[in-house]
2 protein chains.
Amino acid sequence: MTITGDQNLIKKMNKTIVLDEIKKLELVSRAAISEKTGLNKGTVSSLVNELIESQFVYEAGTGKSSGGRKPVMLLFNHQAGYSIGIDLGVNYILYVITDLSGDIIYEQKESIHDHSTVAILSTLIKTIRELFQKTPKSPYGIIGIGIGVPGIVNEKGTILHAPNLGWKNVKLKQALNDEFKVSVVIDNEANAGTLGENQFGRGQNAENLIYISAGIGIGVGMILRNKIYRGVSGYAGELGHMTIKADGEQCRCGNVGCWELYASEKALLKQSEAISHDENKLQQYIHLAAKGDESVMQNFSQVGVYLGIGISNIINIFNPELIIVGGRLSTAEQWIKDTILSTVEQRALTYHNQKTEVIFSDLRTKSTTLGASTLAISKFFTDHEELI
Amino acid sequence: MTITGDQNLIKKMNKTIVLDEIKKLELVSRAAISEKTGLNKGTVSSLVNELIESQFVYEAGTGKSSGGRKPVMLLFNHQAGYSIGIDLGVNYILYVITDLSGDIIYEQKESIHDHSTVAILSTLIKTIRELFQKTPKSPYGIIGIGIGVPGIVNEKGTILHAPNLGWKNVKLKQALNDEFKVSVVIDNEANAGTLGENQFGRGQNAENLIYISAGIGIGVGMILRNKIYRGVSGYAGELGHMTIKADGEQCRCGNVGCWELYASEKALLKQSEAISHDENKLQQYIHLAAKGDESVMQNFSQVGVYLGIGISNIINIFNPELIIVGGRLSTAEQWIKDTILSTVEQRALTYHNQKTEVIFSDLRTKSTTLGASTLAISKFFTDHEELI
DNA sequence: CCACTTTGTCTATTGAATAAACAAAGTATA
DNA sequence: TATACTTTGTTTATTCAATAGACAAAGTGG
């Protein structure tokens with residue numbers, strides 16, 4: 001059914017505008033909100049009172065007078081609730097508890113040795129129970145759990161395929177909802193990482209942002225016109241399987257010459273004839289490069305060139321404001337950045353490259369957990385429109 | 001300034017919903033509109049009366065009674081105004097006059113022999129003057145002119161670069177607005193073609209649609225979440241310069257191994273060592289293939305393989321509902337379709353390919369002119385919110 | 001102490017929607 | 001042919017979220 005306009009819609013819209021302003025400005029008065037938004041000061045006063053009643057906002061003392069009455073300063077109640085964010089990696093699970101603004105109040109990492117569904121599910125449930133215990137009391141409690149996974153996820157929260165975990169058709173959301181009566185959101189780890197960078201990283205002001213999760217494979221998340229772009233089935237962003245060498249190597253996905261064969265950890269480790277996906281391998285390589293190992297430096301350079309080729313494609317295709325390189329490979333920034341940028345300079349179209357910045361993530365391996373937490377927070381506010 | 005909700009917004013929103021329903025349903029009653037939209041029948045009655053007053057809607061007789069009073073049937077007034085759509089090609093200019101629904105009431109094609117700015121501007125102005133004369137009288141007259149061009153266009157309507165015309169920094173919009181006091185919209189020809197397919201072609205029900213304009217080069221338009229995606233500077237969609245053969249041939253854009261070197265008319269003609277961009281060359285090739293020329297058929301096949309590689313990339317990246325192949329090369333559908341589809345079958349990810357359809361344009365070379373006309377119509381309605 | 005300023009609350013008004021009454025114009029049946 | 005019922009469209013009373021502006025509270029400066 002079509003969404004039509006009525007007074008209920010208007011009120012909700014304006015209340016959301018007011019709440020977003022309070023979140024953004026970190027101490028703001030009703031008068032200032034009225035000025036910034038154009039809403040009538042009576043309207044702002046009324047809407048703020050309702051937000052105070054639902055405990056999302058509180059009065060935090062008085063501000064400075066500019067000649068008349070001192071304003072009452074408002075703050076977003078970060079601790080009105082908490083969210084759990086989880087990054088399910090190939091060799092590890094990273095957990096965070098955040099408040100409603102995404103600020104981390106607790107984090108924990110576990111290693112994975114057994115990839116079986118039963119083993120991972122068991123450890124997830126155990127640890128989430130512990131996190132529930134660790135979470136401070138608050139008006140809304142734990143409002144949801146968000147999880148980023150390295151694979152294809154459908155809209156029901158089923159992991160259709162995660163090649164690096166060896167998983168197919170795993171109903172992760174349902175399994176967790178059998179245990180925990182809170183909202184559970186499952187998303188691809190690159191999408192979650194993109195949201196993390198968009199909310200907490202250097203991608204906060206970008207309307208069109210591409211996040212590259214470069215690790216064992218390559219996954220990409222796309223914020224287009226301020227929203228994650230997912231495609232018809234929710235599977236968009238598999239640029240790791242974009243052909244960049246039409247007559248190159250066979251990929252296990254069935255294609256030939258896929259980007260991730262040349263521009264990921266897989267490419268790096270293959271060149272050194274190491275097959276193990278051991279997490280420490282990349283660290284060892286970085287250490288060797290730091291000691292001046294020419295062969296390793298050359299390998300890093302080559303990976304940089306191919307990352308640059310794919311990034312140039314992204315610039316020509318999307319014309320984004322910002323491209324953020326994240327994932328485990330971004331810890332090797334020092335050894336790949338220069339060749340990435342010089343390859344982009346050579347290959348990306350001049351006009352397209354003018355307003356595009358390519359940077360490495362500041363959040364490093366935290367993007368995905370933070371993004372996962374944000375997924376749960378967004379869902380909470382969407383599902384509880386009556387609170388706002 | 002933030003857009004806040006008020007009663008003015010509500011009314012505009014609902015009136016647009018009512019008008020869209022009348023456009024879509026082609027003879028509809030107030031009662032039916034109320035039922036379909038959920039708006040109160042008094043509201044619908046009131047809004048329809050205002051649309052009748054502004055001459056966008058009229059009462060077109062009575063419908064069948066289903067037991068009570070006969071309904072009064074409403075129609076969108078297609079002839080309330082007209083729009084001019086222009087496709088400025090490398091060797092030709094295609095003009096249409098359409099009504100407000102995009103139905104063509106007149107069309108005309110001219111050949112281009114002199115690419116100079118002065119010559120083309122002169123002929124454009126002369127022909128547009130003639131089109132103004134040819135347009136029937138109507139309440140709103142010619143509401144605007146839309147033009148698709150083969151190059152990079154900025155938001156001011158300046159053609160920054162059109163390599164196949166040999167143009168740089170041509171202020172086309174301003175030049176035409178010096179002559180004609182109507183709204184003029186300039187866009188890239190692939191973007192215009194995408195809109196044409198989205199409004200009038202087989203892309204009408206697609207939320208995520210990729211249109212490939214394959215001719216001398218390759219340009220791509222992207223409808224993502226129901227809207228054209230343009231990127232930060234408006235230059236998105238240059239997939240013709242997406243690297244698919246990292247160590248392949250040098251492109252004049254500065255990159256190496258660009259898709260359009262292998263998958264366009266350019267590739268086809270180069271293989272036969274013909275350099276001319278003569279429009280008839282492709283026709284001759286199609287004719288030779290029809291006569292069984294093995295070499296030509298093999299060349300078409302090769303182009304089909306490379307089109308398939310790029311289309312597989314598009315499927316993996318965007319996960320769209322629909323990919324439409326248009327532009328001049330689509331007239332060779334018979335000789336390239338099978339190899340495109342089999343290459344896609346081999347190379348596109350299985351999950352991603354499930355809900356994606358790849359078709360050839362029914363509008364053929366008309367996509368761009370119709371899309372250009374639609375650009376002008378959209379701008380008219382956006383700029384004249386007070387009429388709706 | 002007073003005049004002025006700024007912030008916040010309160011009240012009257014506006015108007016676009018809805019609900020429901022009413023009018024107009026059909027059909028079916030006795 | 002008259003009547004009862006149905007469907008469509010118009011009109012009226014009501015609701016309520018906004019705005020405009022009056023008023024209150026609480027400052028500053030002379």
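In what follows, every chain begins at residue 1, and chains take the letters A, B, ... in the order their sequences are listed. Just so you know, these numbers use all the heavy atoms, side chains as well, and skip hydrogens, waters and symmetry mates.
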A:Q7 side-chain proximity, nearest of C:dG8, D:dT7, D:dA17: D:dA17
Test: A:K173 cationic atom under 6.0 Å from A:F180 six-membered ring centre, within 45° of axis: no
Atom pair distance, as rounded to whole Å: NZ in A:K11 and P in C:dT18: 18 Å
Side-chain donor or acceptor of B:E155 paired with backbone N/O of B:S233 under 3.5 Å: no
5′-ward residue of the pair A:T62/B:G5 relative to DNA chain D: B:G5
A:N8 CG to C:dT18 P, straight-line distance once rounded to whole Å: 12 Å
Proximity to the side chain of B:A31 - top-ranked nucleotide from C:dA17, D:dT8, D:dA18: D:dT8
Residue pair A:Q79 / A:S138, side-chain donor-acceptor N/O under 3.5 Å: no
B:L39 CG - C:dA16 P separation (whole Å): 14 Å
Separation of atom CD1 in B:I10 from atom C1' in D:dT19, rounded to whole Å: 14 Å
B:T374 and B:Q199 side chains, donor-acceptor separation under 3.5 Å: no
Rounded distance (Å) that lies between atom P of D:dC16 and atom CG of A:D6: 12 Å
base_contact_polar (D:dA20 base, A:N40 side chain, donor-acceptor, <3.5 Å): yes
Selected nucleotide, minimal atom distance to A:S65 side chain, candidates C:dG15, D:dG27, D:dA18: D:dG27
Protein-nucleotide distance (A:L9, atom CG; D:dC16, atom P), rounded to Å: 17 Å
Nearest to side-chain heavy atoms of B:K41, which nucleotide of C:dG15, D:dT8, C:dT7: D:dT8
Distance-only side-chain donor-acceptor flag, A:T98 / A:S373, under 3.5 Å: yes
Length of the CE-C1' vector between B:M13 and D:dA18, whole Å: 17 Å
Stretch residues 17-30 of chain A: residues that reach within less than 4.0 Å of DNA chain D through a heavy atom: none
side-chain N/O A:N14 vs D:dA18 OP1/OP2, d < 4.0 Å: yes
Whole-Å gap separating P (D:dT8) and NZ (B:K36): 12 Å
Positions of residues 68-75 of chain B (non-hydrogen atom under 4.0 Å from DNA chain D), listed by number: B:G68, B:R69, B:P71, B:V72
Sugar-phosphate only, base, or nothing, as touched by B:S66 at under 4.0 Å among non-hydrogen atoms: sugar-phosphate
Mutual orientation of the aromatic rings belonging to A:Y140 and A:F380 [parallel < 30°, tilted 30-60°, perpendicular > 60°]: perpendicular
Side-chain heavy atoms of B:L75 within contact of B:V57, under 4.5 Å: no
N/O (side chain, A:S45) to phosphate O (OP1/OP2, C:dT9) under 4.0 Å: yes
Pi-cation contact, B:F381 with B:K23 (under 6.0 Å, within 45°): yes
A:Q55 side chain to A:N77 side chain, donor-acceptor N/O pair below 3.5 angstrom: no
Exam field: side chain A:S378 to backbone A:L375, donor-acceptor pair closer than 3.5 Å: no
